[in-house]
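When reading the values below, keep in mind they use all heavy atoms of this one structure, side chains included, and skip hydrogens, waters and symmetry mates. On a predicted model such as this, the values are computed, not experimentally measured, just so you know.
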Amino acid sequence: MSRSQTDLNLYLAEKIHAALNALSQEKGQEPQTRSITLAPPKDEKLGDLGLACFPFAKGLGTSPVDLCRELAERIPVDEVIERINPTGPFLNIRLSREALARATIEGVLLDRAPFGPFEPNGKKIVIDYSSPNIAKPFHLGHLRSTVIGAALRRLYLHTGHEVHGINHLGDWGAQFGKIIVAWREWGDEAELATNTMRHLFDIYVRYGKESQERPELDEQARVAFQNLETGEDNEERRLWEKLRSISLKAFQGPYGRLGVEFDHVTGESFYEDKMDATIQAIEEKGVATLSEGALVVDLSDEGLPPCILRKSDGTTIYATRDLAALFYRRENYSFDRLLYVVGQEQKLHFRQLKLVLQKLGWPEADQVEHVDFGLILFWDEAEKRWKKGTTRGGNAIFLDEVLDEAVEGVRKIIAEKNPDLPDKEKIAEMVGVSAIVFNDLKNERIKDVKFDWDRMLSFEGETGPYVQYAGARLASILRKAGHGNLEEGLFESNIDYSTLADADKVLLVMQEFGPTLQRALDRNEPSMVTGLMIRLAKSIHSYLREHHVLSAEEPVRSARLALVAAARRLLATGLATLGVASPQEM
RNA sequence: GCGCCCGUAGCUCAGCAGGAUAGAGCAUCGGUUUCCUAAACCGAAGGUCACAGGUUCGAACCCUGUCGGGCGUACCA
């Protein structure tokens, strides 16, 4: 079964492409290279998918209306294309309902691309995401990089890429000097043991406040990091190791709850012994200069501040470690693309890094991309506006608090609406955590997220639970039909797909899966998938209202069950790429 | 100051590389439950797409300028 047999957008695009090329050849023109994007016509009576002919007409020296008519003549009606209908400059196509149902349902249930995994394409993608500063709690600010990166990792995996997901932990650097000093001043072993992250957070915040009146703290912190970077087995190193390992352990909690995985956990400290060689390599290329006591790559040609390789006190900086990581990743992963899922406030830093790579003459410079995202803003009642929250100010919200609130909200709804549900606690966790993840992946990543408890804890409308609920309803129908394993045995009976004409809305949304994955990859934008899942859930909820499955007569009943199984499965697949669970019941 | 990002319904956002009459959710109002989960469904109301020019068959989308908000602007990450 070829891809275009299950992905009808692709099927149509191939037909149109062939017709366009035939026309080009006749007119002695170059073949068309412009990609074909189909969109639903404004009026559904015109067809299911349409192509605007304007851009193609220009190259062929004809009018869009004429081109549209000519294309329609050249694309014969077949078992998939029920009607081809030139409407002025728009080429509208109506799909055969039977073919639509067959291609979609069989494609999904037989796990064919784009619904199932793609054939390996040999491309290697490295994704750097989450990368929190440990020794500070996992707070809301870490959530975005973590869930966006994890979703991209799964999307690239699904579409046949070799993916290396890396957690570039912030476990090195000047900040550790501050944490070491804070620990010396106010650290409490008992607190650290019982209340690890809260305690580290408290002393870090205290450092931020007290260092303003006691500037000697900053000097101590600077020295502490300097001592750490000597590589010697000294007090600083022992403290660093202790604090690092204990906080790393504490981070497994949030990662576990979120279901986030990494292929490599190589933090900044991993490059401790690789930075000298990196600096040396850059110096040998002759692009490093000394400026104000620091070793830098000058970028004034591009009108940017310099990229600092070594600070005037001899210690390294995050740029040094990022460059060492780039050298290491090029050597060890020979990536086709390297994605940094990091907030937009670091845009300048990544521009600088890329420019350094260009100066080094790396061809890979163009394959390094900053996948940036917006901030999390908090409502300031006094100023009546949305503001950035800071860890330093002590107003960070811990991720566990947010997840716990969401789970508690779900518990209440279960108690009210489905008190007999088995495994209540497990389901509450699944649904509550998912709601937070889904919410974060809902909007375009570049948009700032406005943190709003009411909105986050709302489970109605365009939310994670709404989508999960659609899946649970489908699962419930399958369970009652005796399909314990959901789609098992469905193909044993011959399904009469012609009886599913009234399910065209659901099926057409399911057909958007392929093009949506493509767009999500092109733009590194998981929200494309989130949006599709909402539309799919919406179409399912509507369909189930109007069409009864279990009480239908054969052969309609079997066909509807197949539809239900396929919709359920696709929903689960899409949600899984987002990191959202699909409970059987809720 | 300079650079980058954002500005669409009361609120939060979509708008699928420039296409047909700008769409959802929340909130508001009204309707649906002897029916596989009402965390649902159906309907009503709600718009100067920040503003002004420009590009063209066509602009919420591209260009220029203005206004508003945000982020960044060498030894934090």
Side-chain angles (χ1 to χ4, degrees), chain A residues 35 37-43 46 50-55 63-64 87-90 92 131-133 170 173-175 178 268 291-296 299 303-313 315-319 321-322 342-349 351-352 372 374-375 377 385-388 410 413-414 416-418 421 431 442-444 446-448 450 452 454-455 458-463 465-466 468-470 472-481 512 515-516 518-519 522-523 527-528 531-532 534-535 537-538 541-542 544-546 548-551 564 585-586:
Chain A
S35 70
T37 45
L38 301 168
K42 273 298 150 189
D43 184 348
L46 294 170
L51 177 76
C53 292
F54 304 93
S63 79
T87 316
F90 293 94
N92 291 321
S131 309
N133 290 331
Q175 49 163 345
K178 297 183 182 184
E268 295 189 86
S291 169
E292 299 176 24
L295 186 68
V296 306
L299 301 171
L304 298 185
C307 179
I308 294 175
L309 301 175
R310 206 187 273 290
K311 296 190 282 186
S312 46
D313 68 358
T315 57
T316 61
I317 189 169
Y318 60 102
R321 297 183 280 280
D322 270 335
V342 179
Q344 54 114 21
E345 65 271 26
Q346 291 194 42
K347 203 154 193 168
L348 175 60
H349 167 63
R351 270 185 72 198
Q352 289 177 305
D372 58 347
L375 286 70
L377 303 178
R385 67 186 181 95
W386 292 97
K387 282 180 72 174
K388 186 183 178 179
V410 173
I413 294 178
I414 290 174
E416 180 193 328
K417 309 209 183 226
N418 201 354
L421 184 71
V431 174
K442 196 163 78 175
N443 299 143
E444 209 185 352
I446 197 63
K447 293 267 164 62
D448 291 337
K450 290 152 185 161
D452 179 338
D454 289 344
R455 208 175 292 278
S458 151
F459 307 130
E460 293 172 11
E462 297 175 340
T463 64
Y466 171 87
Q468 290 174 316
Y469 182 57
R473 290 179 70 184
L474 296 174
S476 167
I477 293 170
L478 292 169
R479 203 162 46 238
K480 289 188 173 150
E512 289 180 50
T516 299
Q518 190 55 55
R519 267 189 296 139
D522 289 345
R523 293 149 70 155
S527 66
M528 304 268 94
L532 180 64
I534 292 171
R535 274 179 286 138
K538 202 174 286 191
H541 279 306
S542 292
L544 291 182
R545 197 71 187 171
E546 302 289 320
H548 217 260
V549 177
L550 297 177
S551 63
V564 165
E585 293 180 74
M586 62 185 275

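As judged by a 4.0 angstrom heavy-atom cut-off over every strand, A:Gly170 is placed among residues making no nucleic acid contact. Among the heavy atoms of the strands, none lies under 4.0 Å from A:Leu304. When heavy atoms are screened at a 4.0 angstrom cut-off, A:Ser312 is found touching base atoms of the nucleic acid. Residue contacts for A:Ala294: at a heavy-atom cut-off of 4.0 Å it reaches a base atom on one of the strands shown. Across all strands, A:His541 comes closer than 4.0 Å only to sugar-phosphate atoms, never to a base (heavy-atom distances). Nucleic acid contact class of A:Met528 (heavy atoms, under 4.0 Å, all strands): sugar-phosphate only. A:Glu546 comes within 4.0 angstrom of no nucleic acid atom, judged by non-hydrogen atoms across all strands. Nucleic acid contact class of A:Ile446 (heavy atoms, under 4.0 Å, all strands): sugar-phosphate only. A:Arg351 comes within contact range of the sugar-phosphate backbone alone, with a heavy-atom separation under 4.0 Å but no base atom that close. Backbone-only contact: A:Ile317 has heavy atoms under 4.0 Å from sugar-phosphate atoms and none from a base.
Nearest nucleotide to the A:Asn443 side chain, out of B:rA38, B:rC13, B:rC36: B:rC13. Set against B:rA74, B:rC71, B:rA40, the side chain of A:Pro306 has B:rA74 as its closest nucleotide. Nearest to the side-chain atoms of A:Leu348 among the listed nucleotides B:rG72, B:rU37, B:rA74 stands B:rG72.
Taking atom P in both B:rC51 and B:rA60, the straight-line distance is 11 Å, to the nearest Å. Taking atom C1' on both nucleotides, B:rA22 is separated from B:rC61 by 12 Å, rounded to a whole Å. Distance noted for atom C1' between B:rU73 and B:rC57: 44 Å (whole Å). Comparing the C1' positions of B:rG7 and B:rC49 gives a spacing of 10 Å, expressed to the nearest Å. Separation of the P atoms belonging to B:rA50 and B:rA14 is 14 Å when rounded to the nearest angstrom. Comparing B:rA9 with B:rU28, their C1' atoms sit 13 Å apart, to the nearest whole Å. Nucleotides B:rA74 and B:rG70 are separated by 23 Å at their C1' atoms, to the nearest Å. Using P as the reference atom, B:rC11 and B:rU48 are 12 Å apart when rounded to the nearest Å.
Using a 3.5 Å distance cut-off with no hydrogens or angles, the side chains of A:Arg310 and A:Thr315 do not pair a donor with an acceptor. Between the side chains of A:Asn443 and A:Ser527, not a single donor N or O lies within less than 3.5 Å of an accepting N or O.
Between the side chain of A:Ser458 and the main chain of A:Asp454, no donor-acceptor pair closer than 3.5 Å is present. Using modelled atom types, one side-chain atom of A:Thr516 and one backbone atom of A:Glu512 make a donor-acceptor pair closer than 3.5 Å. Of the possible donor and acceptor atoms, none in the side chain of A:Asp43 sits under 3.5 Å from a partner among the backbone N and O of A:Leu46. In terms of modelled atom types and a separation under 3.5 Å, the side chain of A:Asp448 and the main chain of A:Leu375 share a donor-acceptor contact. Without hydrogens or angle criteria, A:Gln352 side chain to A:Pro305 main chain gives a donor-acceptor distance under 3.5 Å.
Taking for each of A:Leu375 and A:Ile477 the nucleotide of RNA chain B with the nearest heavy atom, the 5'-most of the two is the partner of A:Ile477. Nearest-nucleotide positions on RNA chain B for A:Lys347 and A:Ser527 put A:Lys347 closer to the 5' end.
For the OP1/OP2 pair of B:rC5 and a distance below 4.0 Å, the side-chain nitrogens and oxygens of A:Lys447 include no atom meeting the criterion. The phosphate of B:rA77 has neither OP1 nor OP2 within less than 4.0 Å of any side-chain N or O from A:Tyr318. Here A:Tyr466 does not reach the OP1 or OP2 of B:rU37: none of its side-chain N or O atoms lies under 4.0 Å away.
Following rounding to the nearest Å, A:Gln352 (CD) and B:rG72 (P) show an atom-to-atom distance of 14 Å. Look at CD on A:Glu444: it is 10 Å from C1' on B:rG15, rounded to the nearest Å. Protein atom CD of A:Gln346 is 19 Å distant from nucleotide atom P of B:rC4, rounded to whole Å. Between the CD1 atom of A:Ile414 and the C1' atom of B:rA39 there is a distance of 10 Å, rounded to whole Å. Summarising the geometry, the separation between CZ on A:Arg545 and C1' on B:rG31 is reported as 11 Å, rounded to the nearest angstrom. Between A:His548 atom NE2 and B:rU37 atom C1' the separation is 11 Å, expressed in whole Å. One atom, CD of A:Glu512, and another, P of B:rA14, lie 17 Å apart when rounded to the nearest Å. Taking atom CG of residue A:Asp452 and atom C1' of nucleotide B:rC11, one finds them 9 Å apart after rounding to whole Å.
Judged by atom type and distance alone, A:Ser291 reaches the base of B:rA74 through a side-chain donor-acceptor pair under 3.5 Å. No hydrogens or angles were tested; on distance alone, nothing pairs the side chain of A:Gln175 with the base of B:rA77 as donor and acceptor under 3.5 Å.
Of all heavy-atom pairs between A:Ile413 and A:Phe459, the closest is CD1-CD1, 3.1 Å. Across A:Asp372 and A:Ile446, no two heavy atoms sit closer than the pair OD2-CD1, 3.5 Å.
For the strand RNA chain B, secondary-structure stems (runs of at least three Watson-Crick or G-U pairs, all distances below 3.5 Å) span B:1-7 with B:67-73, B:10-13 with B:23-26, B:28-32 with B:40-44, B:50-54 with B:62-66.
Contacts of A:His548 classified as ring pair (Phe, Tyr, Trp, His ring centres under 6.0 Å), with partners at least two apart in sequence or in another chain: none.
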query = Between A:Ile477 and A:Leu544, does a side-chain contact (heavy atoms from CB on, under 4.5 Å) hold up when you go through it step by step?
reply = CA-CA 10 Å; A:Ile477 293 170; A:Leu544 291 182; 3.8 Å; yes
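Note on A:Arg523 versus A:Glu444: no salt bridge recorded, every NZ/NE/NH1/NH2 to OD/OE distance being 4.0 Å or above.
The aromatic rings of A:His541 and A:Tyr466 sit tilted relative to each other, their planes meeting at an angle between 30° and 60°.
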ask   = Which parts of nucleotides 17-30 of chain B does protein reach within less than 4.0 Å, heavy atoms only, written one letter per nucleotide 5' to 3' as B for base, S for sugar-phosphate only and - for none?
value = S-BB---BBS----
